[in-house]
Peer 1: 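Have a look at this one before I ask anything.
No experiment lies behind these values; they were computed from the predicted model shown.
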Amino acid sequence: MRNIILTMALLLTGACNAIGYAARYHCESDTSRVMSLIRENFSPGGDPGEIAGKIAESFIGVPYEEVTRKDSTGHLNVRVDAFDDLSFLNEVTAIARLSTSPGHKRVNEFERELENVSYRRGEDKGFPSRMLYFSDWTVDNKSRNIVKELTESYSDNFRTKSLEKVTRSRDQYAALTDSAVFEDQKMVEMGFRTHKVPHLKREQASHKDVMADMRDGDIVVLLTSDPITDALEIGFIRKRDDGLHFIHPSTEKGMVVEEKDTFDRYLKRNAKRTYGWRWLRLAK
């Protein structure tokens with residue numbers, strides 16, 4: 001009993017690096033930063049897509065870490081001291097959405113919004129309910145009008161994949177040591193056998209019609225040729241005087257960065273790593 005009380009005390013006083021505890025335990029510093037960003041960007045009735053780029057920019061320099069792989073439970077964890085690709089996408093999206101909804105904001109409302117965008121149908125039921133592929137994230141959040149996809153408005157290109165990277169990499173995911181969780185995750189991946197992934201060609205990032213229509217805060221995803229997974233890098237667009245720039249958690253640089261190259265040049269520079277990209281926007 002004493003150990004349980006001690007553990008709870010550590011969590012509630014901000015044990016930032018504690019991994020694998022039950023849902024909704026997190027650092028006071030993380031909570032403070034999230035709520036501060038919501039206050040700074042608070043615009044009830046506004047467009048979350050218009051502020052997503054600014055919110056993403058505020059996290060430049062935050063370390064890259066495989067937070068999802070290390071999590072042994074898969075339950076909701078408010079964490080902005082480190083990101084992987086999908087946790088970055090989820091935190092920025094949740095902050096932007098809550099900042100533009102009406103009413104005074106509380107921590108539990110942010111937790112609910114983060115759960116809404118991170119888990120299938122917005123319900124935290126443990127690791128297999130967390131969306132671990134960008135395609136899964138997109139299908140679910142499009143169906144609930146959280147995001148809209150622009151890829152297919154500019155391209156009719158698709159690549160068929162069977163998304164099973166997570167279960168094939170079982171030893172890399174702490175939560176998958178549990179056999180029941182592993183079997184549940186396999187069932188999720190069954191739904192993404194022969195899944196069609198839409199994409200724009202790399203060179204389309206420099207087409208005038210695309211560049212003219214891209215907005216600050218749009219979501220862009222570099223796609224990998226790996227046949228059993230989809231996203232290579234996930235981030236947000238920031239409009240600068242010299243063009244569009246990509247803000248994302250970089251495994252190469254070990255932190256969230258804004259690429260110095262414009263987005264079209266960045267795609268060209270990474271031609272060997274990606275065959276194309278997807279383009280989405282947060283829905284108002």
Peer 1: Between K239 (side chain) and M214 (backbone), is there a donor-acceptor pair under 3.5 Å?
Peer 2: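 Between the backbone of M214 and the side chain of K239 there is a qualifying donor-acceptor contact (under 3.5 Å).
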Peer 1: Does a side-chain N-to-carboxylate-O contact under 4.0 Å join R168 and E164?
Peer 2: yes
Peer 1: Should the pair E233-K253 be classified as a salt bridge under the 4.0 Å nitrogen-to-oxygen rule?
Peer 2: no
Peer 1: Check whether K272 reaches the backbone of R269 with its side chain - one donor and one acceptor, N or O, closer than 3.5 Å.
Peer 2: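 Absent.
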Peer 1: Going by an N to O cut-off under 4.0 Å, is there a salt bridge joining K54 and E40?
Peer 2: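 Judged by the 4.0 Å cut-off on N to carboxylate O distance, K54 and E40 do not form a salt bridge.
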Peer 1: Is the closest basic N to carboxylate O distance between K196 and E152 below 4.0 Å?
Peer 2: no
Peer 1: The test is side chain to side chain contact (heavy atoms under 4.5 Å, CB included); show your working for L282 and T93 and say whether it passes.
Peer 2: CA-CA 8 Å; L282 296 181; T93 297; 3.6 Å; yes
Peer 1: Assess whether a salt bridge exists between K186 and E189, defined as any Lys/Arg side-chain N lying under 4.0 Å from an Asp/Glu carboxylate O.
Peer 2: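 Salt bridge between K186 and E189, a charged N being under 4.0 Å from a carboxylate O: no.
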Peer 1: Would you check if the side chain of S99 reaches a backbone N or O of I95 as a donor-acceptor pair within less than 3.5 Å?
Peer 2: yes
Peer 1: Tell me whether T100 contacts the main-chain N or O of D47 through its side chain, where contact means a donor paired with an acceptor under 3.5 Å.
Peer 2: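 No, because the side chain of T100 does not come within donor-acceptor range (under 3.5 Å) of the backbone of D47.
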Peer 1: Look at R238 together with E258 and state whether they make a salt bridge at an N to O cut-off of under 4.0 Å.
Peer 2: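 Looking at E258 together with R238, the answer is no, because their closest N to O distance does not fall below 4.0 Å.
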Peer 1: I'd like to know if the side chain of E259 pairs up with that of H248 as donor and acceptor (distance under 3.5 Å, no hydrogens or angles considered).
Peer 2: yes
Peer 1: Between E65 and R79, does at least one N-O distance fall below 4.0 Å, as a salt bridge requires?
Peer 2: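 Between R79 and E65 there is a salt bridge, with a charged N closer than 4.0 Å to a carboxylate O.
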Peer 1: Do H199 and N157 have side-chain atoms, one donor and one acceptor, less than 3.5 Å apart?
Peer 2: no
Peer 1: In Å and rounded to the nearest 0.5 Å, what is the CG to CZ distance from D84 to R69?
Peer 2: 8.5 Å
Peer 1: When you measure from the side chain of T138 to the backbone of F134, do you find a donor-acceptor pair of N or O atoms at a distance under 3.5 Å?
Peer 2: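 Pair found, side chain donor or acceptor close to backbone of F134.
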Peer 1: Is the shortest distance from a Lys or Arg side-chain nitrogen in R120 or D136 to a carboxylate oxygen in the other one below 4.0 Å?
Peer 2: yes
Peer 1: Take F236 and F88, measure what side chain to side chain contact (heavy atoms under 4.5 Å, CB included) needs, and give me the verdict at the end.
Peer 2: CA-CA 10 Å; F236 292 82; F88 180 67; 3.8 Å; yes
Peer 1: Does any N or O in the side chain of K148 come within less than 3.5 Å of the main-chain N or O of K284, such that one atom is a donor and the other an acceptor?
Peer 2: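 No; judged by distance alone, with no hydrogens or angles, the pair does not exist.
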Peer 1: Does E252, at its CD atom, have more than 12 non-hydrogen atoms belonging to other residues, nucleotides or ligands within less than 6.0 Å?
Peer 2: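 Counting neighbours around CD of E252, 12 or fewer heavy atoms of other residues, nucleotides or ligands fall under 6.0 Å, so no.
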Peer 1: Mind listing the closest non-hydrogen atom pair of W137 and M131 along with its distance?
Peer 2: CA-SD, 3.6 Å
Peer 1: Given side chain to side chain contact (heavy atoms under 4.5 Å, CB included), test L176 with V166 step by step and report yes or no.
Peer 2: CA-CA 9 Å; L176 296 184; V166 174; 3.8 Å; yes
Peer 1: Under the 3.5 angstrom rule, does the side chain of N141 hit a backbone N or O of V117 as a donor-acceptor pair?
Peer 2: yes
Peer 1: Give the minimum heavy-atom separation between S155 and L200, together with the two atoms involved.
Peer 2: CB-CD2, 3.9 Å
Peer 1: Is it the case that the side chain of D230 and the backbone of S135 share a donor-acceptor pair, with hydrogens and angles ignored and the cut-off at 3.5 Å?
Peer 2: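 At least one qualifying donor-acceptor pair exists.
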Peer 1: Would you call Y154 and D213 a side-chain contact if the rule is heavy atoms closer than 4.5 Å?
Peer 2: yes
Peer 1: Are R144 and D140 close enough for a salt bridge, meaning some N to O gap below 4.0 Å?
Peer 2: yes
